[in-house]
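When reading the values below, keep in mind they use all heavy atoms of this one structure, side chains included, and skip hydrogens, waters and symmetry mates. None of the values given here were measured: they were computed from a predicted structure.
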Amino acid sequence: MIRVVLIALAFLALTLVLLPFQLIGIACDLRLQRTIPHFYHRVLCALIGVRIREVGAQSTAGPALILSNHVSWLDICVISALSPVVFVAKSEVARWPVFGWLAKLQRTIFINRQARHQTGAASREIAGRLLGGDAVVLFAEGTSSDGIRVLPFRSSLVGAVHHALGSSTRHTEITVQPMSLAYVGFGGVPMGRGLRERVAWYGDADLIPHLAHVLSSGAVDVIVSWGEAVAYDMRADRKAITRDAEKSVRRMTAAALRAAPPVRATPVPANEQPLPEPA
């Protein structure tokens, strides 16, 4: 409990120090609005004890849409610690106490997944962010899972690729890159099925107790794998884009969970060669 309290106090202090700079960055449309969340989550990962092994590398091509699986609220910290990105989240998140406010500060794109008629508007907003220079992360499953299986990817919001190309006079291609998150260690020991629910946040699990368990663990180990980045033009089919990304994420997740390398002593991410993919 002492550890949880100390992390919470450090989190509060860090938030209060960086808040004015982020507000200025958003108001004046400065680069700060992207770099501060990146720095903020690197510090949070260090405080929590998140140790990241990065396999492969994020593409430097842009505009870039990143399609990922989704395991936990911790995914936000992990991905943001690696790169300045913005996320697509369900509209309910915007109303959460504290966390909704933080999501807004990170310039999250909120969508109403229950209102299918708003899909086009959501895709256009994602497209606008892509053309504005943001790398956009879409949790394509539409929900979180137990971290062992990858749920089917939804293709509706991948239509942002075509909206972006249709709105741009400078870009003829949009880069789509699959990314896999695999949590492999908890509290300094390999993560078996018995420990997986300590990190995976899905179903009806309450957020605050889950958050406290993670903060008190002392260490969380995660493998982030980057798949092949593909540049798509207007001829690309969004369902085919989604299907290919889903297959890649499934392969990378399975490879990472099977490899489950020894825990590293540093939370600083290091690029690795891709893990061998299962046949």
Side-chain angles (χ1 to χ4, degrees), residues 3-50 52 66 68-113 122 125-126 128-129 132-139 141-144 157 179 181 183 198-202 205-217 220 222 224 267 269:
R3 173 182 168 81
V4 174
V5 172
L6 290 176
I7 292 176
L9 291 174
F11 160 76
L12 178 61
L14 178 67
T15 303
L16 293 177
V17 168
L18 294 179
L19 175 60
F21 299 99
Q22 181 66 2
L23 291 175
I24 292 171
I26 293 173
C28 300
D29 195 23
L30 302 176
R31 187 180 177 186
L32 277 175
Q33 65 184 329
R34 297 183 177 91
T35 58
I36 285 180
H38 175 46
F39 172 75
Y40 180 76
H41 286 99
R42 284 184 68 90
V43 176
L44 282 184
C45 282
L47 287 172
I48 296 170
V50 177
I52 305 171
I66 300 167
S68 174
N69 62 322
H70 190 20
V71 182
S72 172
W73 56 266
L74 196 55
D75 299 347
I76 306 299
C77 295
V78 170
I79 299 170
S80 295
L82 293 177
S83 175
V85 297
V86 297
F87 294 92
V88 180
K90 58 185 180 181
S91 56
E92 297 94 304
V93 173
R95 298 190 293 271
W96 290 359
V98 181
F99 299 101
W101 175 67
L102 290 173
K104 291 175 184 177
L105 285 174
Q106 195 168 353
R107 304 166 52 247
T108 297
I109 303 165
F110 296 105
I111 61 167
N112 185 352
R113 291 188 179 274
E125 184 174 358
I126 296 171
R129 293 295 188 88
D134 288 308
V136 178
V137 176
L138 174 62
F139 294 121
E141 295 162 298
T143 187
S144 54
L157 294 178
M179 180 181 66
L181 297 162
Y183 292 88
R198 296 291 188 94
V199 175
W201 184 58
Y202 64 104
D206 293 328
L207 177 58
I208 300 304
H210 190 275
L211 179 67
H213 280 138
V214 171
L215 296 185
S216 62
S217 71
V220 177
V222 57
V224 178

Quick one: does any side-chain atom of [X] pair with a main-chain N or O of [Y] as donor and acceptor, under 3.5 Å?
{"X": "H41", "Y": "S83", "result": "no"}
{"X": "R31", "Y": "G25", "result": "no"}
{"X": "S80", "Y": "C77", "result": "no"}
{"X": "N69", "Y": "L181", "result": "yes"}

Find the distance between [atom1] ([X]) and [atom2] ([Y]) and round it off to the nearest 0.5 Å.
{"X": "R42", "Y": "I52", "atom1": "CZ", "atom2": "CD1", "answer": "7.5 Å"}
{"X": "S216", "Y": "I48", "atom1": "OG", "atom2": "CD1", "answer": "11.5 Å"}
{"X": "R3", "Y": "L215", "atom1": "CZ", "atom2": "CG", "answer": "7.5 Å"}
{"X": "W96", "Y": "L207", "atom1": "CH2", "atom2": "CG", "answer": "6.0 Å"}
{"X": "T15", "Y": "L18", "atom1": "OG1", "atom2": "CG", "answer": "7.5 Å"}
{"X": "K90", "Y": "N112", "atom1": "NZ", "atom2": "CG", "answer": "11.5 Å"}

Quiz prompt | Stepwise side chain to side chain contact (heavy atoms under 4.5 Å, CB included) check, Q106 with Q22 | solution = CA-CA 9 Å; Q106 195 168 353; Q22 181 66 2; 5.7 Å; no
Practice problem: Kindly indicate, with the supporting measurements, whether the criterion side chain to side chain contact (heavy atoms under 4.5 Å, CB included) is fulfilled by I7 and L44. | Solution: CA-CA 9 Å; I7 292 176; L44 282 184; over 6 Å; no
Closest approach of [X] to [Y] (non-hydrogen atoms, all atoms of both residues):
{"X": "S72", "Y": "A200", "value": "CB-CA, 4.4 Å"}
{"X": "I111", "Y": "A122", "value": "CG2-CB, 3.4 Å"}
{"X": "R129", "Y": "T108", "value": "NH2-O, 4.3 Å"}
{"X": "P37", "Y": "L32", "value": "CD-O, 3.9 Å"}
{"X": "I66", "Y": "M179", "value": "CG2-CB, 3.8 Å"}
{"X": "F110", "Y": "E125", "value": "O-OE1, 4.4 Å"}

Exercise. Might you confirm whether atom CZ of F21 has over 12 heavy atoms from other residues, nucleotides or ligands at distances under 6.0 Å?
Key: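 Incorrect, the count does not exceed 12.
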Practice problem: Anything under 30° is parallel, anything over 60° is perpendicular, the rest tilted; go ahead and classify Y40 against F11. | Solution: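 The rings of Y40 and F11 sit tilted, inter-plane angle from 30° to 60°.
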Self-check item: Full working for side chain to side chain contact (heavy atoms under 4.5 Å, CB included) between L105 and I36
Solution: CA-CA 10 Å; L105 285 174; I36 285 180; over 6 Å; no
Quiz prompt | side chain to side chain contact (heavy atoms under 4.5 Å, CB included) partner of F87, the single match among I76, V136, V93, D75 | solution = I76
Quiz prompt | Step-by-step side chain to side chain contact (heavy atoms under 4.5 Å, CB included) determination, F139 to V137 | solution = CA-CA 7 Å; F139 294 121; V137 176; 4.3 Å; yes
